[in-house]
2 protein chains.
Amino acid sequence: MEKNICGVKKALSVIGGKWRIDILWHLAQHSNLRYNALKRALVGITNTTLNRSLNELLAYQLIHREQFDVSPPHVEYSLTAEGKKLIPVFEIINYLGLEMVQKKDTFSC
Amino acid sequence: MEKNICGVKKALSVIGGKWRIDILWHLAQHSNLRYNALKRALVGITNTTLNRSLNELLAYQLIHREQFDVSPPHVEYSLTAEGKKLIPVFEIINYLGLEMVQKKDTFSC
DNA sequence: CTGGATCCATGCCGATACTG
DNA sequence: CAGTATCGGCATGGATCCAG
């Protein structure tokens, strides 16, 4: 009866980018992070890309943005409940990915 | 202690393309398919893209290619054992994806 | 029927510079 | 500190033609 996998495509449209998984993962590890902490963690990312990614994830309500107007002002990002649901899935995919490429490889991280 | 998610990136490098998920999914539904059957199922795909995707999946040993030199000759593709391991994962991601985007959306399939 | 080769199009990502 | 704007490159996907 041919189920479709529309959901997979949706999911990939959210987590399929180059950095989004990394962002979600770091947030999962640290519960909340400031903008610059994220930027430091994601070695090589630029402001443009980090902001773009954060906005996309915000739009999908996977992360939460909280602004502190104290001095000096800062912003903290954290996973929403929706975002946290992703963690076990990442772990499955991770295991799978490690298995997939273990024999043949030129793939380096 | 900061586990990394190298496996997720590997996995995405395999299933992250525009059509690869579709191909795997159709193979999962039909157990084996000929080249043209796949092409018919994947509405809109071109030869170039289909071949490129098939070759990539072959390289990762997720699908199997069997050639029949009868007349007219044809080729059949099927999932390998490795490829079949992906099916339950797709279902998880699918469920997840459907949930993620159910409230807000402009996303159409 | 199957699929390689070549060229073209598009979209994601990044560098740089600038703002509240 | 936390972004935005603009511009450009590069990777990936597609169209078309051709071959075993």
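Residue numbers begin at 1 in each chain, while the letters A, B, ... track the order of the sequences.
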Enquirer: Polar atoms only, N or O, under 3.5 Å: list the protein pairs with nucleotides 8-10 of chain D and their distances.
Expert:
none

Enquirer: In whole Å, I'd like the distance from the CG atom of A:Leu12 to the C1' atom of C:dG11.
Expert: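 Roughly 16 Å, once rounded to whole Å.
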Enquirer: Give me the distances for all protein-to-nucleotides 14-20 of chain C N/O pairs that come in under 3.5 Å?
Expert:
unit_1, atom_1, unit_2, atom_2, d
C:dG14, OP1, A:Lys18, NZ, 3.3
C:dG14, OP1, A:Trp19, NE1, 3.0
C:dG14, OP2, A:Trp19, NE1, 2.9
C:dG14, OP2, A:Thr49, OG1, 2.8
C:dG14, N7, A:Arg52, NH2, 3.1
C:dA15, N6, A:Thr48, OG1, 2.8
C:dT16, O4, A:Thr48, OG1, 3.2

Enquirer: Do the side-chain N and O atoms of A:Asn47 and A:Tyr35 include a donor-acceptor pair separated by under 3.5 angstrom?
Expert: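 The criterion, which ignores hydrogens and geometry beyond distance, is satisfied for A:Tyr35 and A:Asn47.
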Enquirer: Between C1' on D:dA2 and CG on A:Asn55, what's the gap in Å once rounded to a whole number?
Expert: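 A:Asn55 atom CG is separated from D:dA2 atom C1' by 12 Å.
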Enquirer: With a 4.0 Å cutoff (strictly under), does any side-chain N or O of B:Tyr77 reach OP1 or OP2 of C:dC1?
Expert: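 The answer is no; no side-chain N or O of B:Tyr77 sits under 4.0 Å from OP1 or OP2.
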Enquirer: Would you work out how much the helix from C:dC1-D:dG20 to C:dG20-D:dC1 bends between its ends, with each end axis defined by five base pairs, to 10 degrees?
Expert: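 About 50° separates the two local helix axes.
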Enquirer: Whole Å only: how far is the NE2 atom of B:His74 from the C1' atom of C:dG3?
Expert: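 After rounding, the gap between these two atoms is 16 Å.
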Enquirer: Within residues 31-40 of chain B, find the residues that approach DNA chain D with a heavy atom at under 4.0 Å, and present them sorted by residue number.
Expert: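 Hits under 4.0 Å, by residue number: none.
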Enquirer: Nearest heavy-atom pair of B:Gly7 and A:Asn94: which atoms, and what distance?
Expert: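 What the structure gives for the nearest pair is N-OD1, 2.8 Å.
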Enquirer: Any pair with a residue in residues 21-31 of chain A that passes salt bridge (Lys or Arg N to Asp or Glu O under 4.0 Å), sequence neighbours left out, goes on the list, sorted by first then second residue, please.
Expert: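 As it turns out, the salt bridge (Lys or Arg N to Asp or Glu O under 4.0 Å) pairs with a partner in residues 21-31 of chain A, which skip direct neighbours, are A:Asp22-B:Lys9.
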Enquirer: To the nearest angstrom, how far is A:Glu56 atom CD from D:dG3 atom P?
Expert: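 Between P of D:dG3 and CD of A:Glu56: 15 Å.
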Enquirer: Distance from A:Ile63 atom CD1 to A:Arg20 atom CZ, nearest 0.5 Å?
Expert: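 The CD1 atom of A:Ile63 sits 11.0 Å away from the CZ atom of A:Arg20.
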Enquirer: Once rounded to the nearest 0.5 Å, what's the spacing between atom CG of B:Leu54 and atom NZ of B:Lys39?
Expert: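 B:Leu54 atom CG to B:Lys39 atom NZ measures 12.0 Å (nearest 0.5 Å).
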Enquirer: Report yes or no: do B:Leu58 and B:Ile21 belong to one cluster of Ile/Leu/Val/Met/Phe/Trp/Tyr joined by side chain heavy-atom distances under 4.5 Å?
Expert: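 Yes, one cluster joins them.
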Enquirer: Transitively linked via ILVMFWY side-chain contacts under 4.5 Å: A:Tyr95 with A:Ile15?
Expert: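 They do not share one cluster, since no chain of ILVMFWY contacts under 4.5 Å joins A:Tyr95 to A:Ile15.
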Enquirer: Write down the distance between CD (B:Gln67) and C1' (C:dG3), rounded to a whole number of angstrom.
Expert: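 Distance check: B:Gln67 CD to C:dG3 C1' gives 11 Å.
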Enquirer: On a heavy-atom basis, which atom in B:His26 and which in B:Leu42 lie closest, and how many Å separate them?
Expert: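 Taking every non-hydrogen atom into account, CD2-CD2, 3.5 Å.
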Enquirer: Please, which pairs that meet ring pair (Phe, Tyr, Trp, His ring centres under 6.0 Å) have at least one residue in residues 63-89 of chain A, sequence neighbours excluded?
Expert: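 Pairs touching residues 63-89 of chain A that pass the test: A:Phe68-A:His74.
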Enquirer: Could you state the atom-to-atom distance from CG of B:Leu58 to P of C:dG4 in whole Å?
Expert: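 Rounded to the whole Å, the gap is 10 Å.
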Enquirer: Could you state the atom-to-atom distance from CG of A:Asp22 to C1' of C:dC13 in whole Å?
Expert: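 Answer to the nearest Å: 14 Å.
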Enquirer: Please give, in whole Å, the distance from C:dC12 P to A:Ile21 CD1?
Expert: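 It is 17 Å, rounded to the nearest whole Å.
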Enquirer: Base, sugar-phosphate or nothing for A:Arg65? Non-hydrogen atoms, less than 4.0 Å.
Expert: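 Since only primed, P, OP1 and OP2 atoms lie under 4.0 Å of A:Arg65, the category is sugar-phosphate.
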Enquirer: Rounded at 0.5 Å granularity, tell me how far CD in A:Glu56 sits from CG in A:Asn51.
Expert: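 Nearest 0.5 Å value for the CD-CG distance: 10.5 Å.
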